[in-house]
Chemist: 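One structure coming up, written as structure tokens, with questions to follow.
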Amino acid sequence: MIQEFKHQGNVLAFAQYGDPQGYPIIVHHGLVGSIENPALLPWSSKLKGISLLFIARPGYGRSPFFILKDYAQWGSVVDSLLKQLHIQDFDTLGMSAGAPYSYALGYFFPTRVKRIHIYSGLPWLEDKEILHSYPKEKKVEAFYDFVRSSTLEEVGKFLYQEYIAPLPKNLKESKDFVDSTQQGCISMAQEAKLQSSPWGFNLQAIAQPVFLQHSLVDQEVPWEAVAKTVQKLQDGHLETLENSPHVDTESLSTFFEKTFYRINHQAI
């Protein structure tokens with residue numbers, strides 16, 4: 001069921017799956033995603049003692065667009081939801097481009113976030129050594145230079161033309177893509193802006209255990225960049241997959257199951 005919470009005059013959407021009274025995990029989808037993805041529904045019957053909370057970030061799905069100056073600001077946004085639901089302690093999970101949001105919560109709530117779980121997550125790109133781990137042919141630095149010097153509208157138009165328009169019609173009409181590309185891809189454009197800017201906090205200050213899973217052959221986010229990110233963490237644990245794509249149903253399901261196991265068994 002889609003619900004709402006208020007933050008500084010904005011009404012954001014969120015969805016809850018599993019046990020409403022269970023231990024909460026705040027989940028962040030990637031660059032393309034929806035909190036109303038039908039693929040999430042089967043998890044509801046498997047979640048005993050776990051409550052998954054998915055928040056539609058600004059401009060995604062039913063959440064109105066508003067500017068985030070950096071990832072650190074996300075903590076105050078989520079705090080409004082925590083107060084509404086009377087949540088004290090929780091875990092957070094970030095997938096791909098959703099990873100910095102989970103790190104931000106770990107920084108903003110140093111005692112309340114107990115564990116951070118990262119699946120195929122974006123590395124700490126403001127560290128130049130980590131950024132340089134991307135292959136030169138990816139032209140990541142040139143892309144972020146373009147993003148920093150362009151308007152949200154220009155970035156959104158570029159993302160649509162380069163990455164969305166060539167996709168098959170059935171994929172573009174899926175809930176994930178519909179919720180991510182509305183208003184000229186403005187939500188995705190803001191994601192690119194945030195990725196190309198300082199995060200607003202020092203990743204090295206995060207003291208909670210961070211559990212990461214990443215593929216050695218990931219073509220979107222190089223394993224080397226993630227391995228260097230783990231070295232910056234105080235308590236990072238990286239599980240390397242030998243031959244998986246950036247995102248796939250099997251590896252994601254396995255990651256969720258391991259996450260639930262850690263929480264239920266307090267395995268740190």
Side-chain angles (χ1 to χ4, degrees), residues 1-7 10-64 74-75 77-106 109 112-121 174-180 182 187 191 210-213 247-267:
M1 179 189 301
I2 305 302
Q3 304 176 62
E4 297 178 339
F5 72 99
K6 293 182 179 180
H7 174 73
N10 295 298
V11 179
L12 286 85
F14 73 96
Q16 188 173 42
Y17 299 89
D19 181 358
Q21 305 303 317
Y23 182 80
I25 307 176
I26 295 180
V27 184
H28 302 102
H29 61 66
L31 181 64
V32 174
S34 170
I35 66 171
E36 300 181 65
N37 187 333
L40 298 171
L41 296 177
W43 283 105
S44 296
S45 61
K46 300 180 181 180
L47 298 175
K48 296 182 179 179
I50 297 290
S51 173
L52 293 181
L53 294 164
F54 288 76
I55 305 172
R57 300 196 289 271
Y60 282 91
R62 304 189 196 185
S63 289
W74 187 242
V77 176
V78 173
D79 193 35
S80 297
L81 174 61
L82 299 178
K83 289 175 180 176
Q84 177 174 311
L85 299 181
H86 306 289
I87 291 173
Q88 181 58 34
D89 296 339
F90 62 99
D91 280 25
T92 180
L93 187 153
M95 298 178 279
S96 191
Y101 294 93
S102 286
Y103 288 129
L105 295 189
F109 302 102
R112 296 170 65 183
V113 171
K114 299 306 179 183
R115 289 161 293 262
I116 300 171
H117 313 270
I118 303 296
Y119 171 80
S120 296
S174 68
K175 192 62 177 172
D176 278 347
F177 278 85
V178 169
D179 279 10
S180 305
Q182 56 195 6
S187 56
E191 296 283 328
V210 181
F211 300 94
L212 305 93
Q213 178 178 289
V247 174
D248 74 310
T249 301
E250 182 179 355
S251 64
L252 180 58
S253 295
T254 300
F255 186 70
F256 267 101
E257 289 170 359
K258 290 180 179 178
T259 297
F260 303 153
Y261 182 89
R262 288 190 201 104
I263 292 170
N264 287 327
H265 293 79
Q266 297 295 302

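Since the model is a prediction, treat every value here as computed from it, not as a measurement.
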Chemist: Considering residues at least two apart in sequence or located in another chain, which fulfil the side chain to side chain contact (heavy atoms under 4.5 Å, CB included) criterion with T92?
Modeler: I26, H28, S102, L105, V113, I116
Chemist: For G59, does its backbone N or O pair with a side-chain atom of Q182 as donor and acceptor, under 3.5 Å?
Modeler: yes
Chemist: Under a 4.0 Å N-O cut-off, is there an ion pair linking E36 with R62?
Modeler: yes
Chemist: Can you tell which of V11, L85, V77 makes a side-chain contact (heavy atoms from CB on, under 4.5 Å) with F5?
Modeler: V77
Chemist: Return the minimal non-hydrogen interatomic distance between A13 and S63, and the atom names on each side.
Modeler: N-OG, 2.9 Å
Chemist: Just wondering, do R262 and D91 contact through their side chains at under 4.5 Å, heavy atoms?
Modeler: no
Chemist: Mind checking whether L52 and F256 have side chains closer than 4.5 Å, heavy atoms only?
Modeler: yes
Chemist: Do the non-hydrogen side-chain atoms of K6 and Q84 ever get within less than 4.5 Å of each other?
Modeler: no
Chemist: Can you list the residues that meet the side chain to side chain donor-acceptor pair (under 3.5 Å) rule with K83, with sequence neighbours excluded?
Modeler: D79
Chemist: Starting at CZ of F54, measure out to CD1 of I25 and round the result to the nearest 0.5 Å.
Modeler: 9.0 Å
Chemist: CG/L12 to CD1/I55 distance, rounded to the nearest 0.5 angstrom?
Modeler: 8.0 Å
Chemist: State the OH-OG1 distance between Y119 and T254, to the nearest 0.5 angstrom.
Modeler: 9.0 Å
Chemist: What closest approach, in Å, do I35 and Y17 show between heavy atoms, and which atom pair accounts for it?
Modeler: O-OH, 2.5 Å
Chemist: Determine the minimum heavy-atom distance between D89 and Y23, stating which atoms define it.
Modeler: O-CE1, 4.0 Å
Chemist: Mind running side chain to side chain contact (heavy atoms under 4.5 Å, CB included) on I87 and L53 for me, showing each step along the way?
Modeler: CA-CA 11 Å; I87 291 173; L53 294 164; 3.6 Å; yes
Chemist: Are H29 and S34 side-chain neighbours, meaning at least one heavy-atom pair lies under 4.5 Å?
Modeler: no
Chemist: Output the distance between atom CZ (F90) and atom OG (S51), rounded to the nearest 0.5 Å.
Modeler: 12.5 Å
Chemist: Under 3.5 Å, is there a donor-acceptor pair between the side chain of Q213 and the main chain of S251?
Modeler: yes
Chemist: Looking at NZ of K48 and CD1 of I50, how far apart are the two atoms once the value is rounded to the nearest 0.5 Å?
Modeler: 12.5 Å
Chemist: Over all heavy atoms of both residues, which pair between S187 and S180 is shortest? Give the atoms and the distance, please.
Modeler: OG-O, 3.1 Å
Chemist: Does the side chain of L82 come within less than 4.5 Å of F109's, by heavy atoms?
Modeler: yes
Chemist: G121 and I118: which non-hydrogen atoms are nearest, and at how many Å?
Modeler: CA-CG2, 3.5 Å
Chemist: Does any part of the side chain of M95, heavy atoms only, come nearer than 4.5 Å to the side chain of V247, both counted from C-beta?
Modeler: no
Chemist: Does some side-chain heavy atom of F211 sit less than 4.5 Å from a side-chain heavy atom of T259?
Modeler: no
Chemist: Nearest 0.5 Å, what's the CD-CG distance between E257 and L252?
Modeler: 10.0 Å
Chemist: Take the angle between the ring planes of Y261 and H265 and call it parallel below 30°, perpendicular above 60°, tilted in between.
Modeler: parallel
Chemist: For a quick test of reading the model, state the closest non-hydrogen atom pair linking E191 to L31 and the distance between them.
Modeler: CB-CD1, 3.6 Å
Chemist: Side chains of L212 and V210: does their closest heavy-atom pair fall under 4.5 Å?
Modeler: yes
Chemist: Apply side chain to side chain donor-acceptor pair (under 3.5 Å) to Y60 and list each qualifying residue two or more places apart in sequence or on a separate chain.
Modeler: none
